[in-house]
*Asks:* 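Just passing along the structure, written as structure tokens.
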Amino acid sequence: TLLQGESIRVRVYQGPIASTTMKPARLQGEHLLVGGLAVRLTNGSADFTTKAALEIGAGLYTGRFLAKLSGGELRLVNVVDFESYLPGVLAGEISWSWPMEAIKAQAVAARSFARAQMGQNRTLAWDLDGTPLSQVFLGTVSNHPHFVEAVKRTRGQVVLWKGQPVIAYFHANSGGETERPGDVWPG
């Protein structure tokens, strides 16, 4: 069950500080210059909020971030309201032009997958990757109204098995081929 206002932590970037996939960001002394902010790193870490959109790959991200600089690599984790996270997943996984019922079904599958994964690895500073490793997340900026509406119409709905959210695996594109479940998940 989701609590009102519950947040999810999504790793949206991990790599070199001077990467061309993340704009605008750079390091200046002990400050991370990101989205027009000069964020002071304390022991290589920062917790900051920005309304300015951070462009990372194909995504635009705003809000609260946890930053960690270590060994020349920067990790950014976007802390997002759970229901606000879902339209950004739909944008990364399906087309807004699909029928509303298909978009709603995908919203429930994405919510179920995310809910099942939350808190599973307490050693990490994030719940999910914003990549195909978990669910593609393109941020909370400029999501199509069809995605927002589908999430609103299915608010809080998850698929359960024995009282727990299922890990609702899906893929945006199979390339026309799939495997038998037993070949992927033995047992």
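Note: hydrogens, waters and symmetry copies are ignored here, and every other heavy atom, side chains too, is used.
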*Asks:* Do the side chains of Phe137 and Leu128 get nearer than 4.5 Å, heavy atoms only?
*Replies:*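 Sidechains of Phe137 and Leu128: no contact.
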*Asks:* Taking the side chain from Asn78 and the backbone from Thr62, do they hold a donor-acceptor pair closer than 3.5 Å?
*Replies:*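 Side chain of Asn78 to backbone of Thr62, a donor-acceptor pair under 3.5 Å: yes, one is there.
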*Asks:* Does His144 reach the main-chain N or O of Trp96 with its side chain, forming a donor-acceptor pair under 3.5 Å?
*Replies:*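 No.
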*Asks:* Quick one: are Val79 and Phe65 in side-chain contact, heavy atoms under 4.5 Å?
*Replies:*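 No, their side chains stay 4.5 Å or more apart.
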*Asks:* What is the minimum heavy-atom distance between Ser84 and Pro87, and which atoms define it?
*Replies:*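 Shortest heavy-atom contact: O-CD, 3.3 Å.
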*Asks:* Thr154: what forms a side chain to side chain contact (heavy atoms under 4.5 Å, CB included) with it, not counting sequence neighbours?
*Replies:*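 Expected list: Lys104, Ala107, Val108, Arg111, Gln157.
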*Asks:* Identify the two heavy atoms, one from Asp129 and one from Arg11, that lie closest to each other, and give their separation to 0.1 Å.
*Replies:*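 Looks like OD1-NE, 2.5 Å.
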*Asks:* Supply the atom-to-atom distance Trp98 CH2 to His146 NE2, rounded to the nearest 0.5 angstrom.
*Replies:*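 That separation rounds to 14.5 Å.
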*Asks:* Anything under 30° is parallel, anything over 60° is perpendicular, the rest tilted; go ahead and classify Tyr85 against Phe82.
*Replies:*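 Ring orientation, 0 to 90° scale: tilted.
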*Asks:* Report yes or no: does Ser112 contribute a side-chain atom to a donor-acceptor pair with the main-chain N or O of Val158 at less than 3.5 Å?
*Replies:*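 A pair under 3.5 Å: no.
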*Asks:* Is there a continuous path of hydrophobic side-chain contacts, each under 4.5 Å between heavy atoms, that joins Leu86 to Met118?
*Replies:*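 They do share one cluster, since a chain of ILVMFWY contacts under 4.5 Å joins Leu86 to Met118.
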*Asks:* Is there side-chain contact between Ile103 and Ile94, with heavy atoms separated by less than 4.5 Å?
*Replies:*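 Result yes, sub-4.5 Å side-chain heavy-atom pair found.
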*Asks:* Under 4.5 Å between side-chain heavy atoms, counting indirect links through other Ile/Leu/Val/Met/Phe/Trp/Tyr residues: same cluster for Tyr169 and Val184 or not?
*Replies:*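 Shared cluster, yes.
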*Asks:* Where is the tightest heavy-atom contact between Ser45 and Lys68, given as atom of each residue plus distance?
*Replies:*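 Smallest interatomic distance, heavy atoms only, reads OG-CD, 3.1 Å.
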*Asks:* Out of curiosity, does Leu133 fall in the hydrophobic cluster containing Leu138 (side-chain heavy atoms, cut-off under 4.5 Å, transitive links)?
*Replies:*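 Different clusters.
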*Asks:* Donor-acceptor check, side chain of Glu93 to backbone of Val136, threshold 3.5 angstrom: yes or no?
*Replies:*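 Yes; judged by distance alone, with no hydrogens or angles, the pair exists.
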*Asks:* What pair of heavy atoms forms the shortest contact from Ala150 to Met100, and how long is it?
*Replies:*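 Taking every non-hydrogen atom into account, CB-SD, 3.8 Å.
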*Asks:* Where is the tightest heavy-atom contact between Phe48 and Ala67, given as atom of each residue plus distance?
*Replies:*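 Heavy-atom minimum between the residues: CE2-CB, 4.0 Å.
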*Asks:* Is there a side-chain contact between Ser7 and Val80 (heavy atoms, below 4.5 Å)?
*Replies:*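 The answer is no; the side chains never approach within 4.5 Å.
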*Asks:* Quick one: OG1 on Thr50 to CZ on Arg64, what's the gap to the nearest 0.5 Å?
*Replies:*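 It comes to 14.0 Å.
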*Asks:* Can you see which heavy atom on Ala110 is nearest to which on Val89, and at what distance?
*Replies:*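 In this case the closest contact between Ala110 and Val89 is CB-CG1, 3.9 Å.
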*Asks:* Are Leu54 and Val12 grouped together when hydrophobic residues (ILVMFWY) are joined by side-chain heavy atoms under 4.5 angstrom apart?
*Replies:*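 Looking at the clustering, Val12 is in the same group as Leu54.
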*Asks:* Determine whether Leu76 and Ile56 satisfy the following criterion, side-chain contact (heavy atoms from CB on, under 4.5 Å), listing intermediate values before the conclusion.
*Replies:* CA-CA 10 Å; Leu76 281 178; Ile56 304 170; 4.1 Å; yes
*Asks:* Output the distance between atom CZ (Arg115) and atom CD (Gln164), rounded to the nearest 0.5 Å.
*Replies:*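 Separation between the atoms: 9.5 Å.
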*Asks:* Do the side chains of Phe113 and Ile8 join up, straight or via other hydrophobic residues, at under 4.5 Å, putting them in one cluster?
*Replies:*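 Same cluster.
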*Asks:* Is the number of heavy atoms from other residues, nucleotides or ligands within 6.0 Å of CG (Asp183) greater than 12?
*Replies:*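 Above 12, so yes.
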*Asks:* Determine whether Trp126 and Arg75 satisfy the following criterion, side-chain contact (heavy atoms from CB on, under 4.5 Å), listing intermediate values before the conclusion.
*Replies:* CA-CA 10 Å; Trp126 62 90; Arg75 179 182 65 227; 3.2 Å; yes
